[in-house]
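Right, one structure below, let's go through it.
Indexing begins at 1, ligand by ligand and atom by atom, following the structure's order.
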Amino acid sequence: MEWEVVIGLEIHTQLATKSKIFSGAPTAYGAAPNTQACAVDLGLPGVLPVLNEEAVKMAIKFGLAVDAEIADRSVFARKNYFYPDLPKGYQISQYELPVVGKGEISIELEDGSEKVIGITRAHLEEDAGKSLHEDFHGETGIDLNRAGTPLLEIVSEPDMRSAKEAVAYMKKIHSLVRYLEICDGNMQEGSFRCDANVSIRPKGQEQFGTRTELKNINSFRNVERAINFEIERQIDVLEGGGEVVQETRLYDADKNETRSMRSKEEANDYRYFPDPDLLPLVVDKELINSVRATLPELPNEKRDRFVNELGLSLYDASVLTSSRELADYFEAVLKASGGKEPKQCANWVIVELSGALNKAGLDITESPVSAEQLAGVLKRIADNTISGKIAKTVFDALWKGEGKDADAIIEAKGLKQVTDTGAIESMIDEVLADNPDQVQQYRDGKEQLLGYFVGQVMKASRGKANPAQVNDILKKKLAG
Ligand code: ADP
Ligand code: MG
């Protein structure tokens, strides 16, 4: 039997507001437990929630970036359930009428093609607190600092057909919310989390299979692993004659498995009803337009500009725009180096710099080589002071902090390219004199030996001879 996989993601992004969604308490991460929860967050009797306008603007910003409908009227509802980290006994969320409606976003597949993933909705809600099990023996601690933190829950259509597609979608949303500066994207701190809904169906069948919902996934790698584990599990169940049960499953990263957590609750279990403490959220054209005016250049727009105006390949442009910081870095290098060689600039950022960053486990924002420093290297390649090969040596030295800029390193290490024709000629004469047999073979027609001679001369010059000149002069001398 051939199976088709169906995946839909619910992504919770923590909005980067300074204060909570319904109170003035700060949202900063990492404070001592229960020092950032006010009476509203604690759900004390008699308090009233007041909606944070910034959170609304951020939700609209996201909606505009994915071409979604923005509801002119949306409603906050109470989602009722009991849990120790939810002292009110309900979570305020948007249910039937979310602020952001249907939209879409495109992802790039491995074969280079694009696929459009539908976004069902995105709604505002408050986060709950945290239960702390580790520090207490036989007891559970409750930290309500996170209670009331604004979240935008982004719900996708069940449009993804593999774990890889799900990861590509998640990365795309991650990059977008960071471009928009509405979420810091920090997955370790839980600012960006994802629940994955997974089902399988026989290939060709139209009706979806029963899905399970995987919770607790906090990295791109784990999303892929959790989904792939779950696909295999569901195939085993169905091929063994069983049925998939609709339920919530917990992903255990240490064991790489999913475990049943609870049977899936239905929406009516939550007894949703409009929160009588909050007026409907009314969004007018003026507000939408003022938010639209704050939209930055979006990743795909930037990518297309890199292709159309700078002549980069689609692949290079996609890599460079995968994060706003990387794109900014690239543009800073290009600008500082005079803007004439975008292709070479892209190569250095993608190959040399990103390679070194990966190896060191560093982010682009932590690069030991600044955009200006890298531009300094590229300028010296462009004006023939150094060859591309020596440039790598200069780059390594900058990386290690051995000089303040390319020029200082070139000077200190004596890396300046030899362009003096006389000097190059005498090195060539020496190499030809030392290799009479090869010279004869070359003259008898074995022209591929040119590379050998170039290598010998470059070696003699310790990489500093101008390769183009070496080539030229060598050819002339060998021709007799
Ligand atoms: P709930 O709110 O109960 O989690 P929703 O209907 O809002 O349920 O769906 C949540 C997510 O599940 C959406 O991202 C949707 O695309 C996805 N989904 C729905 N049905 C399936 C299915 N059969 N297989 C995979 N994903 C599904
Ligand atoms: Mg759900």
Is the charged tip of [X] near the ring of [Y]: under 6.0 Å from the six-membered ring centre and within 45° of its axis?
{"X": "Lys171", "Y": "Phe220", "answer": "yes"}
{"X": "Lys79", "Y": "Tyr270", "answer": "yes"}
{"X": "Lys172", "Y": "Tyr169", "answer": "no"}

Taking 4.0 Å as the limit for heavy-atom contacts, which would you say applies to [X] with ligand 1: side chain only, backbone only, both, or neither?
{"X": "Leu9", "result": "backbone"}
{"X": "Val155", "result": "side chain"}
{"X": "Glu213", "result": "side chain"}

Is the shortest N/O to N/O distance between Phe208 and ligand 1 below 3.5 Å?
->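 Checking ligand 1 against Phe208, no N or O pair falls under 3.5 Å apart.
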Ring center gap for Phe330 and Phe306 short of 6.0 angstrom = yes
Which atoms from ligand 1 have a heavy atom of Gly209 less than 4.0 Å away?
->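 So the atoms of ligand 1 that pass are 23 (N).
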Val6 neighbourhood, listing ligand 1 atoms whose heavy-atom distance to it stays under 4.0 Å |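 Listed by number with element: 24 (N), 25 (C).
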Apply ring-ring contact (aromatic ring centres under 6.0 Å, His included) to Phe76 and list each qualifying residue two or more places apart in sequence or on a separate chain.
-> Phe22
First locate atom CG of Leu310, then atom CD of Glu331, and finally report the distance between them rounded to the nearest 0.5 Å.
-> 7.0 Å
Quick one: which of Glu10, Gln207, Glu157, Arg211 has a heavy atom closest to atom 8 (O) of ligand 1?
->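 Minimum heavy-atom distance to atom 8 (O) of ligand 1 goes to Arg211.
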